[in-house]
Amino acid sequence: MKRLTFATVITVVALLLVSITASAQTRLTENAQRALQWLQCTQQQPNGQIGSGGNPIARSSEVAFGLAAAGQDAATMQTGAASLADYLTSAVSTDVGTNGELLLARASQPHAGPTAPVIAELQAAKGANGEYGADLFSDALAILGLRAAKQTVGQDAVTFLKDHQQADGGWGFGGDQFTDSNTTSLVIHALISDGVAADDAAITHGFAYLQSVFGQGGFADTPGTAPDGNSDELAIQAILAANQQADQTWGSRLDQGLQHLASLQISSGADSGAISNPFSKLFATTGAPAAFLLRPLTIGGMAESSVSLLSCSAAATPTATPTATPTATPAPTATPAPTAAATATPRLAQTGAPADVRLLLAGLAALLVGAGILMRTRQRAPRR
């Protein structure tokens with residue numbers, strides 16, 4: 001048998017590394033840019049908020065998080081007298097889920113307002129049983145917001161969520177029935193953000209439920225229904241939060257989910273860049289940038305690399321897009337110079353990190369193994 005040459009080993013490993021890196025670099029930057037362009041140019045209002053109806057604090061917070069994933073300050077998104085950061089700085093809510101999203105935005109953006117008042121509001125809402133909100137979706141958002149702000153939520157909050165997991169592995173918006181993928185994905189995020197390991201039974205059973213809603217190239221809200229943008233976005237981020245993208249099966253579903261989400265993006269016309277959705281294009285689009293840029297909700301702070309924002313055309317003007325509050329299908333002007341504390345970019349210590357480093361280390365290991373095989377082959381070969 002011919003011996004492998006060192007060049008052959010290097011070539012094989014190099015091809016392996018190229019393949020691994022290509023599969024890891026699945027950020028759909030242009031899609032994220034177009035979604036943010038539509039949100040700014042057609043949905044941002046003169047006071048800086050995103051959308052004109054429904055829950056503008058929640059929608060604006062989701063866009064702010066997407067901007068953080070793009071490495072962009074919410075103060076740069078402005079079409080009228082005020083920026084998105086200006087709006088979020090003055091935003092006030094008594095709703096638990098909305099405050100969870102607002103805290104996520106403020107913990108990720110340097111100029112979106114103080115975190116302390118929102119932290120206090122959420123901590124005061126916590127019940128003796130570990131529950132923050134009146135529904136599991138809001139409860140998970142509260143935990144994610146508090147963890148993004150580096151606050152402790154306690155084992156009772158984790159126990160509360162685990163106790164409400166259903167036999168099919170999923171969680172339901174309202175609690176103990178009617179499981180859905182959106183709530184399940186968000187609860188997976190919340191548990192992981194508070195230190196629950198990805199191989200914990202609650203997480204693995206949750207992914208079993210997400211497997212049951214995967215079909216036609218994307219993620220659906222419930223088993224047997226058609227995939228949709230909101231479900232794609234939250235399932236994509238759950239895969240990333242649990243670092244499942246390195247798994248062959250879930251890595252494939254991640255790629256397919258991204259492509260399905262991209263296929264829902266409107267390509268031309270006044271709504272170019274928006275995510276098509278029979279319920280609400282706005283509700284489906286606010287979470288798209290972070291998903292396209294592979295940013296799970298377990299990572300806070302500004303991305304180290306920035307993605308530029310696309311300019312608005314002269315014809316683009318804000319339009320009213322009412323959004324009703326979802327039930328079972330849930331899912332960033334100039335400001336004063338920031339102080340050193342204000343410019344800090346908090347990040348959750350637990351999980352959510354990109355898998356590129358681990359994959360490159362795997363490639364390096366393969367290189368070392370190949371070199372070892374080559375050395376053993378040379379040692380066994382007869383001297384000439």
Side-chain angles (χ1 to χ4, degrees), residues 27-91 101-102 104-105 108-112 229-230 232-233 258 261-293 295 302-303 305-324 331-335:
R27 285 165 42 112
L28 300 180
T29 302
E30 183 180 348
N31 299 81
Q33 288 175 306
R34 292 179 56 227
L36 288 169
Q37 181 186 41
W38 180 79
L39 289 164
Q40 176 180 4
C41 302
T42 73
Q43 300 302 306
Q44 189 170 27
Q45 306 302 308
N47 68 342
Q49 76 181 43
I50 302 298
S52 60
N55 189 340
I57 297 178
R59 302 294 82 79
S60 299
S61 297
E62 290 156 8
V63 174
F65 187 81
L67 283 173
Q72 292 287 346
D73 193 319
T76 64
M77 181 172 276
Q78 181 174 352
T79 55
S83 71
L84 178 59
D86 292 330
Y87 171 73
L88 290 173
T89 298
S90 60
E101 294 206 67
L102 180 59
L104 266 171
S108 299
Q109 287 284 347
H111 304 129
N230 294 113
D232 281 336
E233 291 157 9
L258 283 165
L261 180 61
S263 74
L264 297 176
Q265 192 165 37
I266 300 171
S267 60
S268 61
D271 287 326
S272 176
I275 302 300
S276 177
N277 186 287
F279 172 70
S280 166
K281 290 190 292 291
L282 176 61
F283 186 64
T285 307
T286 53
F292 282 136
L293 295 174
R295 172 64 71 97
M302 300 282 283
S305 59
S306 63
V307 172
S308 61
L309 298 180
L310 302 179
S311 61
C312 297
S313 66
T317 56
T319 58
T321 307
T323 56
T333 77
T335 56

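- Remark: the backbone N or O of Leu282 is not paired with any side-chain donor or acceptor of Gln43 at under 3.5 angstrom.
- Nearest approach of Ala303 to Ala69, heavy atoms of both residues: CB-O, 3.3 Å.
- Of all non-hydrogen atoms in Met302 and Gln109, the two that sit nearest each other are SD-OE1, 3.8 Å.
- When every heavy atom of Thr286 is checked against every heavy atom of Pro289, the shortest pair comes out as O-CD, 3.6 Å.
- Side-chain contact annotation: Ser83 with Asp86, donor-acceptor N/O pair under 3.5 Å present.
- When all heavy atoms of Asn277 and Ala284 are compared, the closest pair comes out as CB-CB, 3.6 Å.
- Between Ala32 and Phe292, the shortest heavy-atom contact is N-CD1, 3.7 Å.
- To the nearest 0.5 Å, the span separating CG on Asp232 from CG on Leu264 amounts to 6.5 Å.
- A search for side-chain hydrogen bond (donor to acceptor under 3.5 Å, both in side chains) contacts involving Ser272 returns Arg34, not counting sequence neighbours.
- With rounding to the nearest 0.5 Å, the separation of CG in Leu28 from CG in Leu261 is 8.0 Å.
- Here Thr29 pairs with Arg27, Gln33, Leu293, Val307 under the side chain to side chain contact (heavy atoms under 4.5 Å, CB included) rule; sequence neighbours left out.
- Judged by distance alone, the side chains of Ser61 and Glu101 never bring a donor and an acceptor atom under 3.5 Å apart.
- Minimum heavy-atom separation, Ala291 to Leu258: O-CD2, 3.5 Å.
- A distance-only check finds no donor-acceptor pair linking the side chain of Gln37 to the backbone of Gly273 [under 3.5 Å].
- In this structure Ala274 satisfies the side chain to side chain contact (heavy atoms under 4.5 Å, CB included) test together with Trp38, Ile266, Asp271, Lys281, Thr285, sequence neighbours excluded.
- With values rounded to the nearest 0.5 angstrom, Thr42 atom OG1 is found 9.0 Å from Ile50 atom CD1.
- Judged as a side chain to side chain contact (heavy atoms under 4.5 Å, CB included), and not counting sequence neighbours, the contacts of Gln49 are Gln45, Asn47, Pro56, Ser60, Tyr87.
- Remark: Leu309 CG to Gln40 CD distance equals 6.0 Å, nearest 0.5 Å.
- Although no hydrogens or angles enter the test, the distance criterion places no donor-acceptor pair under 3.5 Å between the side chain of Asp73 and the main chain of Pro110.
- Separation of atoms CE (Met77) and CG (Leu36) is listed at 5.0 Å; rounding is to 0.5 Å.
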